[in-house]
J.: 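For reference, the structure I am asking about is given below.
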Amino acid sequence: MKFAAIADIHGNSLALQAVLEDIENEGITDIVNLGDFFSSPLDAEGTAELLRGINAVSIRGNHDRWLIEEAPEEMGRSDKIAHDQLASETLDWIRTLSATMVWRDEIFLCHGTPEDDNTYWLEQVTPDGRVRSAALKDIEAKAQDIPQKLILCAHTHLARTVALADGRLIVNPGSVGCPAYIDIEPTPHKVQAGHPNACYAILEKRAAGWSVTHRQVPYDNLEMARLAMDRAAPSWAEGLATGWISNETFASITAA
C-alpha cells in the first residue's frame, strides 16, 4: 500500500496544484486529505475546484467545521472570506465529512487529536507562547484507544513523524498551503515551518513497517503572498513569502 497524505491547504490553490502534480509524478493515485481545505484570504473556490477533480478520502478540520456551524457574521476573517467564495455545493460537501475515520481498516485519520479537531497533538504551547514538542507520555495518552499502527493528524502545519513506544507511528504531513501562522489560543503564539514550500507526505507499507517520506514542493508562493497582501492580510503574506512570522508582525497582530 502506498498513498499520499495532504492537509491544511487553507485555500492555497497554487500550492495544492503543485502538490497534486508532484503526487502524480510519483505515480501515486490514492490520497487522504486531513482537513482545513479553504479558510484563508486566498482562493477558496479555486481550491474546491481542484479537490473536485481528485478522488481523495477526506475528513474535516476545525476551520471546515466552523464554515458550516457558525453564522457568517460571527466567523473569523479568514473563514468569512472563504465562506463568501464557496459555492453552496462545496459547503454541503463539508457537511458530509466526519471528524475522524479509520481508512482501509489500518490507518486512523484525524485533524487535531482523536477527541478534538482544535487541539495540538504533537506540539504544545508554553505559557510564554513558545511552540515545543509535546512530551511522549502526553502524545501516547491521546493515542491509547487507537489500535491502528499508522495514525495521521494535522492542524499544527508542522511536518513530523513520532514513533510511540509500542511501534505505532503518528505522522503530520505538514501544510500544503500555510507554512506559518499566528494563533491567540491558548496564549498568543506563532507556528513557523521555516520555509515557504508546500508540504505533504508519502506513506508506504513495507514488510518491516511503514515508510514515511516528507515532501516539500516549491511553487509560485510569492503570487499567493501578493494576493494575501492585496486582501489586507500581512501575516498571511509574510508567512507565504518566507515561512516565518517576524516579531514585528506578531506584535502588531496580537496587540490588535
J.: Please lay out, stage by stage, how Asp8 and Cys178 fare under the test side-chain contact (heavy atoms from CB on, under 4.5 Å).
T.: CA-CA 7 Å; Asp8 293 293; Cys178 180; 5.8 Å; no
J.: Would you please name every residue forming a side chain to side chain contact (heavy atoms under 4.5 Å, CB included) with Gln148, sequence neighbours left out?
T.: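 Counting only residues at least two positions away or on another chain, Gln148 forms a side chain to side chain contact (heavy atoms under 4.5 Å, CB included) with Val102, Phe108, Ile146.
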J.: Mind checking what makes side chain to side chain contact (heavy atoms under 4.5 Å, CB included) contact with Pro72, not counting sequence neighbours?
T.: Lys80, His83
J.: For residues 38-53, dump all side-chain donor-acceptor pairs below 3.5 Å to protein atoms at least two apart in sequence or in another chain.
T.:
| unit_1 | atom_1 | unit_2 | atom_2 | d |
| --- | --- | --- | --- | --- |
| Ser39 | OG | Asp79 | OD1 | 2.6 |
| Ser40 | OG | His10 | O | 2.7 |
| Ser40 | OG | Phe38 | O | 3.4 |
| Ser40 | OG | Leu42 | N | 3.0 |
| Asp43 | OD1 | Gly46 | N | 3.1 |
| Asp43 | OD2 | Ser13 | OG | 2.6 |
| Glu45 | OE1 | Ala87 | N | 3.1 |
| Glu45 | OE2 | Arg52 | NH2 | 2.6 |
| Thr47 | OG1 | Gly11 | O | 3.3 |
| Thr47 | OG1 | Ser13 | N | 3.4 |
| Thr47 | OG1 | Asp43 | O | 2.9 |
| Glu49 | OE1 | Arg52 | NH2 | 3.0 |
| Arg52 | NH1 | Thr90 | OG1 | 3.0 |

J.: Applying salt bridge (Lys or Arg N to Asp or Glu O under 4.0 Å), can you list everything that pairs with Glu24, at least two apart in sequence or on another chain?
T.: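 Counting only residues at least two positions away or on another chain, Glu24 forms no salt bridge (Lys or Arg N to Asp or Glu O under 4.0 Å).
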J.: Just wondering, do Ile170 and Cys153 contact through their side chains at under 4.5 Å, heavy atoms?
T.: yes
J.: Are any non-hydrogen side-chain atoms of Ile182 and Ser235 less than 4.5 angstrom apart?
T.: yes
J.: Quick one: does Asn12's side chain get under 4.5 Å of Trp236's, heavy atoms only?
T.: no
J.: For residues 53-66, which residue pairs qualify under salt bridge (Lys or Arg N to Asp or Glu O under 4.0 Å), counting only residues two or more places apart or in two chains?
T.: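 For residues 53-66: Arg65-Glu69, Arg65-Asp117.
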J.: With rounding to the nearest 0.5 angstrom, report the CZ to CD1 distance, Arg231 to Ile81.
T.: 7.0 Å
J.: Evaluate the criterion side-chain contact (heavy atoms from CB on, under 4.5 Å) for residue pair Ile31 and Leu20; output intermediate values, then yes/no.
T.: CA-CA 9 Å; Ile31 302 173; Leu20 294 178; 4.0 Å; yes
J.: Hey, are Ser246 and Thr249 close enough side-chain-wise for a donor-acceptor pair under 3.5 Å?
T.: yes
J.: Would you check if Lys2 and Asp30 make a side-chain contact, meaning some heavy-atom pair closer than 4.5 Å?
T.: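 No, every pair of side-chain atoms sits at 4.5 Å or beyond.
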J.: Just jot down the salt bridge (Lys or Arg N to Asp or Glu O under 4.0 Å) partners of Glu140, sequence neighbours excluded, or say none.
T.: none
J.: Test: side-chain hydrogen bond (donor to acceptor under 3.5 Å, both in side chains). Region: residues 184-201. Which pairs qualify, not counting sequence neighbours?
T.: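 Pairs touching residues 184-201 that pass the test: Asp22-Tyr200, Tyr120-His189, Lys190-Asn247, His195-Gln216.
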J.: Run the side chain to side chain contact (heavy atoms under 4.5 Å, CB included) test against Thr161 and tell me which residues pass, sequence neighbours left out.
T.: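 Applying side chain to side chain contact (heavy atoms under 4.5 Å, CB included) to Thr161 gives Leu169, Val171, Val212, His214.
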J.: Run the salt bridge (Lys or Arg N to Asp or Glu O under 4.0 Å) test against Lys205 and tell me which residues pass, sequence neighbours left out.
T.: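 Once residues adjacent in sequence are excluded, the partners of Lys205 under the salt bridge (Lys or Arg N to Asp or Glu O under 4.0 Å) criterion are Glu106.
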J.: Once salt bridge (Lys or Arg N to Asp or Glu O under 4.0 Å) is applied, do any residues pair with Asp128, and if so which ones, sequence neighbours excluded?
T.: Arg130
J.: Who passes side chain to side chain contact (heavy atoms under 4.5 Å, CB included) against Ala7, sequence neighbours left out?
T.: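 In terms of side chain to side chain contact (heavy atoms under 4.5 Å, CB included), with neighbours along the sequence ignored, Ala7 is linked to Leu34, Ala154, Pro173.
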J.: Applying ring pair (Phe, Tyr, Trp, His ring centres under 6.0 Å), name anything that partners Trp93, two or more places apart in sequence or on another chain.
T.: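 Testing Trp93 for ring pair (Phe, Tyr, Trp, His ring centres under 6.0 Å), a comparison that skips the adjacent residues, returns Phe37.
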